[in-house]
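The figures here come from the full heavy-atom set of this structure, side chains too, leaving out hydrogens, waters and symmetry mates. Nothing fancy with the numbering, it's 1 onward along the sequence.
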Amino acid sequence: MSLNGFIGKWQEQTKEGFDSLISAIGLPAEKKEWYRAARTEIEYKKLSDDTWEINVGIVGVPKGRTFKFKFGQTYESASIDGSPMQSIITADGDKFVEKHTGESLQGAEMHIIRRIENGNMIVKTTCNGATMNSRYTRV
């Protein structure tokens, strides 16, 4: 499968390890419950051979955030709570491999690997020794 399998809109269905990951990245306690119940929605668009666009939002909340990236080049992004981050995405075969850094991560790096498996997008997020596994379905 090529990376074109990511093109389209995806909605988070499950997230295992949420509490440990959120604690590891330092999200304030008052925001944990809201984000625990929230479902992320991601839309991928391929704009050209080397340029992609991602729109990331929360189901039911208008106006997500849109980011453009080229593989291997740093771009400005934002964390789950909107804090600014520096991000870089590379392709590893048919996977997106992401590295995110920012003040909200308190000097840590967040690593995300995304792959398509049996029509689902499977996402593994790690930061400060904590891991969250998520499954998204196409919408």
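Judged by distance alone, the side chains of Asn55 and Thr66 do bring a donor and an acceptor atom under 3.5 Å apart.
Using a distance-only test at 3.5 Å, with no hydrogens or angles considered, a donor-acceptor pair links the side chain of Arg138 to the main chain of Ile7. Side chain of Ser20 to backbone of Gly17: a donor-acceptor contact under 3.5 angstrom is found. Within the 3.5 Å criterion, the main-chain N or O of Gln11 finds a donor-acceptor partner in the side chain of Gln13.
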Lys99 and Thr90: CA distance, side-chain angles, deciding distance, side chain to side chain donor-acceptor pair (under 3.5 Å) verdict: CA-CA 9 Å; Lys99 181 175 97 173; Thr90 56; over 6 Å; no
Steps toward side chain to side chain contact (heavy atoms under 4.5 Å, CB included) verdict (Trp10, Ile116): CA-CA 11 Å; Trp10 300 86; Ile116 306 300; 3.7 Å; yes
Worked check of side chain to side chain contact (heavy atoms under 4.5 Å, CB included) between Met132 and Cys127: CA-CA 9 Å; Met132 180 175 78; Cys127 185; over 6 Å; no
Stepwise side chain to side chain contact (heavy atoms under 4.5 Å, CB included) check, Asn128 with Ile25: CA-CA 7 Å; Asn128 280 337; Ile25 65 173; 5.8 Å; no
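Scanning both residues, Ser79 and Arg65, for their nearest heavy atoms gives O-NH1, 4.2 Å. Contact between Ile88 and Gly72 at its shortest, heavy atoms only, is CD1-O, 3.2 Å.
A side-chain contact (heavy atoms from CB on, under 4.5 Å) with Tyr136 is found for exactly one of Ile122, Ile42, Asn120, namely Ile42. When each of Asn133, Ile112, Ile113, Thr131 is checked for a side-chain contact (heavy atoms from CB on, under 4.5 Å) with Thr125, only Ile112 meets the rule.
Residues Lys15 and Leu21 fail the side-chain proximity criterion, which asks for heavy atoms closer than 4.5 Å. Looking at heavy atoms from C-beta onward, Leu3 lies out of side-chain contact with Tyr44 at the 4.5 angstrom threshold. Side-chain contact check for Ser134 versus Met121: every heavy-atom pair is 4.5 Å or farther apart. Annotation: side chain of His100 is not in contact with side chain of Glu109 (no heavy-atom distance under 4.5 Å). Counting heavy atoms from C-beta on, the side chains of Ile89 and Phe71 come closer than 4.5 Å.
In this structure, Lys68 places its NZ atom where only 12 or fewer heavy-atom neighbours from other residues, nucleotides or ligands lie under 6.0 Å away. Other residues, nucleotides and ligands place no more than 12 heavy atoms under 6.0 Å from the CD atom of Glu103.
Grouping the Ile, Leu, Val, Met, Phe, Trp and Tyr side chains by contacts below 4.5 angstrom, directly or via other members, places Val61 with Ile22.
Between Phe96 and Trp52, the distance separating the two ring centers is shorter than 6.0 angstrom.
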